[in-house]
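Reviewing the structure listed below.
These numbers were taken from a predicted model, which means no experiment stands behind them. Residue numbers start from 1 in every chain, and the chains themselves are labelled A, B, ... in the order their sequence lines are given, proteins ahead of strands.
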Amino acid sequence: MLEIQQLRTDLENVTKTLAKRGYVFPTELFNSLEAARKTIQTHTQELQARRNTASKQIGHAKSKGEDASGILAEVADLGDALKQAEIQLEEIQNRLQKILLDIPNLPHESVPVGSNETGNQEIRRWGTPRQFDFAIKDHVSIGEALDLLDFETAAKLSGARFSLMKGGLARLHRALAQFMLDIHTQEHGYTETYAPYLVNRESLLGTGQLPKFAEDLFTVHAGTGHESKSAESNGHSPAFYLIPTAEVPITNIVRDEIVPLQSLPLKFVAHTPCFRSEAGSYGRDTRGLIRQHQFDKVELVHIVHPDQSYIALEELVGHAEKILQKLGLPYRVITLCTGDMGFSAAKTYDIEVWLPAQNTYREISSCSNCEAFQARRMQARFRNEQGKPNLLHTLNGSGLAVGRTLVAILENYQNTDGSVSIPDVLQPYMNGLDQLRISRGK
RNA sequence: GGAGAGGUACCGAAGCGGUCACAACGGCGCUGACUCGAAAUCAGUUGGUCAGGGUAACCUGGCACAUGGGUUCGAAUCCCAUCCUCUCCGCCA
């Protein structure tokens, strides 16, 4: 959410900056609502002030045993007028609030301007893609040939865009998450957290997934015990939402809080499943583990002093990169352009890992500085040097998406005989196993 | 699921129809005194949010007693609904 003050005083610049990311600000609507708000709010507050003084006078008079009927008569029709004004004001405020909640964050000045992913800027590469002297397979073929990956059964259990992993692959998946958590807690100073996978509406409003992106989320309704009478069909609002990323519960830790200055920065890491409906992505990445309704992610969140957030963003990307370096997976880092950034971000770096079967780099992490955008929605504050509450800055980034990292390992570490080597750093997590290979029935 | 207690500022907590929300009383924070300095002690003081006005420090007013309704000239206080926390019982991985 942007600061409404900024819209009032600097609307021209704000709309210009928003236009860079393709957002058309409803200037006329906003201005007319603002004008109405101003008169109605002033009027309402005047009526309230009159009611307050009159009531106080009545109280004084009655306590002294004097006659208050004069003032009572004076105030008789104030109630109706006030109620009407309050209703009007609330309606206007709601409409303004709705506009405000729909406006994306302002891009930082360092963000390249562009309308889509072609405007993104590569800023560095690490590692050299391996040269294969045999015909390489993609991760689906590799996993299925090893009898460790089974999409058909997953479809039977749940439907499309779900996966079933077994044996060494399931273990490798677990190993990756453990490895990432260990590095981030032991080497990068994060606090490990375990958080709810179901969250309420307020949390999603706080981080910006709601109200605009409801169709991307899975909802959970409280059970009635009767399938036919499920609350869903009654049109009740959902009791919970499945988290699309751990960013939601973790960032909302500081919602409605005033954090003491000396406890900053807060750095949290969490390994959670993520649930996304992937509405609007039909036909894209339908094969394999790249785009699933359910996937695991290790998420990094920073809660920082506003002066520190761009330093923190560089650190955050570095922490995610470290994982890929330790795994020996080639990657590149790109700065998303204004048109390709997410709703809440002021600046985003994507890390893309090399996938040989696709002969390209694919997103494996997205690291964003949201500045005060989420903090303003959440009323997440700290007590500043002067002892006054100030909005925090929030950042989040994947460190990393576990499923996609698994894909990268399968493809980059595949061998000519169909086996897959396990990176050295993961072997301790695999009970010393150094390869995934055919072993029937296991 | 049953019974009870509770949700008031940064924290603890009093208030239980008007003169205690300009929120008592503690703590915390800040300022000053004492001290070489600190601790302790003593004194003072502030604390959320929105609007209007002002370059500004500030001024004026509104809102905020879990949330949303209701009763009333007036609600933290009375009534209704919902959420959450705690204690006990039951059930349970």
Worksheet item: Should A:Tyr241 and A:Val248 be marked as a side-chain contact (heavy atoms from CB on, under 4.5 Å) after you check the CA-CA gap, both sets of side-chain angles, and the distance that decides it?
Response: CA-CA 11 Å; A:Tyr241 295 81; A:Val248 178; over 6 Å; no
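Separating the P atom of B:A39 from that of B:A33 is a span of 14 Å, rounded to the nearest Å. Look at the P atom in both B:G47 and B:G53: the space between them is 24 Å, to the nearest Å. Comparing the same atom, C1', in B:C92 and in B:G7 gives a spacing of 28 Å after rounding to whole Å. Comparing the same atom, P, in B:A64 and in B:A75 gives a spacing of 9 Å after rounding to whole Å. Using atom C1' as the reference point in both B:U19 and B:G37, the two lie 49 Å apart (nearest Å). Spacing between B:G32 and B:A38 at atom P, rounded to whole Å, works out to 11 Å. To the nearest whole angstrom, the two C1' atoms, one in B:C79 and one in B:U72, are 12 Å apart. Atom P of B:A21 sits at a distance of 13 Å from the matching atom of B:U77, rounded to the whole Å.
When ring centroids are compared, A:His393 and A:Tyr310 stay outside the 6.0 Å threshold. In this structure, the ring of A:His305 has its center less than 6.0 angstrom from the ring center of A:Phe382.
Pair check for B:C42 finds B:G32; Watson-Crick or G-U wobble, both atom distances under 3.5 Å. In this entry B:C63 has B:G48 as its Watson-Crick or G-U wobble partner, both defining distances falling under 3.5 Å. As the counterpart of B:U55, no nucleotide is assigned, since no Watson-Crick or G-U wobble pattern has both distances under 3.5 Å. Base pairing of B:G4: its partner is B:C86, meeting the Watson-Crick or G-U wobble criterion (both donor-acceptor distances under 3.5 Å). Within the shown strands, nothing qualifies as a pairing partner of B:G17 under the Watson-Crick or G-U definition with both distances less than 3.5 Å.
Atom NZ in A:Lys388 sits roughly 20 Å away from atom P in B:C28 (whole-Å rounding). Atom C1' of nucleotide B:C20 and atom NZ of A:Lys56 are separated by 12 Å, given to the nearest angstrom. With rounding to whole Å, A:Asn52 atom CG is found 11 Å from B:U19 atom P. We find that CD of A:Glu202 is positioned 13 Å from C1' of B:U82, with the value rounded to whole Å. Between the P atom of B:A64 and the CD atom of A:Gln48 lies a distance of 8 Å, rounded to the nearest Å. As a whole-Å value, the separation of A:Asn384 CG from B:C30 P is 13 Å.
Between A:Arg8 and A:Glu34 there is a salt bridge, since at least one side-chain N of the basic residue sits less than 4.0 Å from a carboxylate O of the acidic one. In this structure, A:Arg362 does not pair ionically with A:Asp350, as no charged nitrogen and carboxylate oxygen lie closer than 4.0 Å. Salt bridge annotation for A:Arg287-A:Asp138: present, with a cationic side-chain nitrogen under 4.0 angstrom from a carboxylate oxygen. For the pair A:Arg276 and A:Glu278, the salt-bridge criterion is not met [side-chain N within less than 4.0 Å of a carboxylate O]. The pair A:Lys326-A:Glu187 meets the salt-bridge criterion, since a charged nitrogen lies less than 4.0 angstrom from a carboxylate oxygen.
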Discussion item. How would you summarise protein contacts on nucleotides 66-79 of chain B per nucleotide, using B for base, S for sugar-phosphate only and - for none, with heavy-atom distances below 4.0 Å?
Written reply: -------BS-----
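Between A:Phe179 and A:Tyr429, the ring-plane angle classifies as perpendicular under the 30° and 60° cut-offs. Taking the six-membered ring where the residue is Trp, A:His188 and A:Tyr190 present perpendicular rings, their angle passing 60° and hence far from 30°.
Side-chain atoms of A:Ser344 come within 3.5 Å of backbone atoms of A:Thr207 as a donor-acceptor pair (strictly under, hydrogens ignored).
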I'd like a list of close polar pairs between nucleotides 51-54 of chain B and the protein, N/O only, cut-off under 3.5 Å.
{"from": "B:A51", "atom 1": "OP1", "to": "A:Gln5", "atom 2": "OE1", "distance (Å)": "3.4"}
{"from": "B:A51", "atom 1": "OP1", "to": "A:Arg8", "atom 2": "NH1", "distance (Å)": "2.5"}
{"from": "B:A51", "atom 1": "OP1", "to": "A:Arg8", "atom 2": "NH2", "distance (Å)": "3.1"}
{"from": "B:A51", "atom 1": "O4'", "to": "A:Gln41", "atom 2": "NE2", "distance (Å)": "3.4"}
{"from": "B:A51", "atom 1": "O3'", "to": "A:Arg37", "atom 2": "NH2", "distance (Å)": "2.7"}
{"from": "B:G52", "atom 1": "OP1", "to": "A:Arg37", "atom 2": "NH2", "distance (Å)": "3.2"}

Show each protein N/O and nucleotides 9-16 of chain B N/O combination with a separation under 3.5 Å, one pair to a line.
{"from": "B:C10", "atom 1": "O4'", "to": "A:Arg383", "atom 2": "NH2", "distance (Å)": "3.4"}

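With hydrogens and angles left out, the side-chain atoms of A:Gln374 and A:Glu247 include a donor and acceptor closer than 3.5 Å. Between the side chains of A:Ser277 and A:Asp216, no donor-acceptor pair is found at a separation under 3.5 Å.
Within 90° of 0 lies the glycosidic angle of B:C20, which makes this nucleotide syn.
Both A:Ala49 and A:Gln93 lie near RNA chain B, and the one whose nearest nucleotide falls closer to the 5' end is A:Gln93.
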